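The next block holds one structure in the form of structure tokens; read it before the comments.
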Amino acid sequence: MTRTAPVAPPRTPSAPAPEPAAVRRRSRARGRLSDAGYATLLAAPAAVVLLALVGWPLVKLAVDSLYTGSGLGDGRSFAGLDNYLTALTDPGIRAAAGRTLAYTVIVVTAELVLGLAVALLFHRLGPKARILQTLFLYPLMIAPVVAGLLWRFLMIDNVGIVNELLTRVGVLGNPGDVSWLSDPDLVLFSVALPDIWLTTSFMTLVLYAGLQAIPPDLYEAARLDGARGLRLLVSVTLPLLRPVIAVALIIRGVDAARAFDVILIQTDGGPQSASETLSLTIYKTMVSYNDPGTAAATSTLFMIVMMLVAMVAVLTIWRPGKES
Amino acid sequence: MSHLLAARIRTGLLWAAAVAVVALYAFPFGYLVLTSFKPAVDAIAVPPTVLPQRFSLDNYLTALQRPGVTASFVNSVSTAVIATLLSMALAIPAAWAITRYRSRTGRILMAGSLLVRMAPAVAIGIPLVTILGAVGLTDTPTGLALAQTTVALPLSIWLLASFFEGVPREIEEAALVDGCGRFTALRRVILPVVSGGVAVTAIFAFLASWNEFLFALLLTSVRAQTTPIAIANFQSQFGLDWGPMTALATLYSVPAVVLTLLLQRRIVAGLSLGAVKG
């Protein structure tokens, strides 16, 4: 579910309306907490838990990134920025970073194009297509592990149903012609398929909601001006959808860049690391090669880059508060 | 007349396209379910067939008889329930503080939640192994639920804040004038108003934990193993034992699909609300 977790964009806080004087007087008379104090009290437990479960691990991660050796005390020695140097220069890690970028671009582009097409289709058909819309949503609820195994099952070389069906309709001459998961040139695309399958629904849903928010008279006006079809899409729909598209792209981009379970299940990063993205590299550096220092430094760098990219994306594409 | 006909044909084609897209989209999971009802040998027959030649429940029996599989279901349920209850108990007051009082702690919490969403799960999960180990919570449903709260809690705060946004503040004021305390007003007056939103958020929190894999992989070994891990272990231990695997995967998807169908319209509202508002 992490991959589809919807997150609302930050709202610009509006000024609180003044409370009725009577209420204010009464609460003061009883000596209760101020509104600010009460609000802090309400938010504090969640803040404490997040600090303990996220803040502390992240601080520990940053500290671990400065040490080499096993994480279990003995044999651990201060290394300064050596791990960062390793993370930045190691060819395996650099290649994984490149693959992560490629994977993210593949997933997000495919989802945006498919998602927009389906959203436009459903929007055009209107409420009568509700059953189809519901059916289209169900992959959102399927566990990524199940999706990964399922697609592995669909694409197993020459026994998978995908190649069988492709052969039957004449696209392939023979079910063994394409090895989706064992061809290093293809595999990054193959491991992206389950992710695209799982979350195009999310993109569709978000864009569909955005389409419904566009006032119909804008289309009327554009039609009167002679705009039709593609022209209408490019000049009216897309500009108006821009904030929605931006939010969806940021959410999905962040999730795709963090992809882990679906790929692990399908190929474990293989063949020859051809589908190993950064999360997998970090996991393997830690668990298989027992190098917590490098794993921590790589994670820290990964996170910093993600935050920077997301921030730039928010400020330049989405531009909260500015009307496009 | 011919104009009308052209419009009809165009609508017909659009419907056909929509049905085709949905069918194509439904095919993979449908194939999984169909395969789970094939006799184990037929599940990996070459060439593969779409429909079962014979109907059989053998895969389900085999899957459920595997050691640890039923226990993993119990673990998945208890972990998801703990994570959901914890997230909701923490997120409801926090989201209310954020939307109603615009507090500084609240704003920091919103920003922090966004930051959590940027962090690769491995970056949190790896240090959490040591931290939870130090307090004796490794390989327990509680420990795993705590880890999964890092995903479910920020999500719940954001979703609930969107739902609370729609509550007119007059409702709270009226309750206060009637003599309620602020906390009682939240519990007895505000919450019933947003119960739909709370239900949807709880389902999302539940699914986040139910479907979660990485923390479960890092933090559990035997005692607290959840079903996604059991499903994943299936193939490494027994090779390509696809028949029982498809059965277990189908079983595991049932609760999520049922929950979704039950609250389908509200979930759609929640999803689009979460992403589009702003």
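Quantities reported herein were computed from a predicted structural model and do not represent experimental measurements. Chain letters run A, B, ... following the sequence lines, proteins first and then strands; every chain starts at 1.
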Can you say whether B:Ile157 sits under 4.5 Å from chain A via the side chain, the backbone, both, or neither, judging by heavy atoms? side chain
Which of parallel (below 30°), tilted (30 to 60°) and perpendicular (above 60°) describes A:Phe260 and B:Phe213? tilted
Ranking A:Ala43, A:Ser299, A:Ser201 by heavy-atom pairs under 4.5 Å to chain B gives rank one to A:Ala43
Cut-off 4.5 Å, heavy atoms of chain A, and the answer for B:Phe183 is both
Measure distances from B:Leu146 to the heavy atoms of chain A and classify the residue's part below 4.5 Å as side chain, backbone, both or neither. both
Shortest non-hydrogen contact from B:Ala205 toward B:Thr84: C-OG1, 3.9 Å
Name the option with the most non-hydrogen atom pairs under 4.5 Å to chain B; the candidates are A:Thr300, A:Leu61, A:Leu154, A:Val254. A:Leu61
Can you see which heavy atom on A:Ala248 is nearest to which on A:Met203, and at what distance? CB-SD, 3.5 Å
With a 4.5 angstrom heavy-atom cut-off, is it the side chain or the backbone of B:Ser87 that approaches chain A, or both, or neither? neither
Quick one: of A:Val146, A:Val145, A:Leu53, who has the most non-hydrogen atom pairs under 4.5 Å with chain B? A:Leu53
Residue, of A:Leu50, A:Leu135, A:Val48, that accumulates the most heavy atom pairs under 4.5 Å with chain B: A:Leu50
Examine whether an atom of A:Met286 lies under 4.5 Å from a heavy atom of chain B, and if so say whether it belongs to the side chain, the backbone or both; otherwise answer neither. side chain
Measuring heavy-atom distances to chain B, does A:Trp56 have an atom under 4.5 Å in its side chain, in its backbone, in both, or in neither? both
For each of B:Leu132, B:Ile231, B:Thr149, B:Val257, tally heavy-atom pairs with chain A at distances under 4.5 Å, and name the one with the top tally. B:Ile231
Just by modelled atom types, is the B:Thr227 backbone N or O under 3.5 Å from a matching donor or acceptor in the B:Ser76 side chain? yes
What pairs of donor and acceptor atoms, side-chain ones from residues 11-26 of chain B against any protein atom, are under 3.5 angstrom apart with sequence neighbours left out?
| residue | atom | partner | partner atom | Å |
| --- | --- | --- | --- | --- |
| B:Thr11 | OG1 | B:Ala7 | O | 2.8 |
| B:Tyr25 | OH | A:Trp197 | O | 2.4 |

Which atoms of B:Leu86 are under 4.5 Å from chain A, going by heavy atoms: the side chain, the backbone, both sets, or neither? neither
Whatever's closer than 4.5 Å to a heavy atom in chain A on B:Leu218 counts as side chain
Results of ring-ring contact (aromatic ring centres under 6.0 Å, His included) for A:Phe153 - residues two or more places apart only: B:Tyr31, B:Trp242
What part of B:Thr246 gets within 4.5 angstrom of chain A, counting heavy atoms only: side chain, backbone, both, or neither? side chain
Between A:Asp255 and B:Arg117, does at least one N-O distance fall below 4.0 Å, as a salt bridge requires? yes
Looking at A:Thr167, A:Leu165, A:Leu264, A:Thr200, which makes the most heavy-atom pairs under 4.5 Å with chain B? A:Thr200
Show the nearest heavy-atom pair for residues B:Val116 and A:Arg258, with the distance to one decimal. O-NH1, 3.9 Å
Going from OH on A:Tyr208 to CG on A:Leu137, what distance comes out if it is rounded to the nearest 0.5 angstrom? 10.5 Å
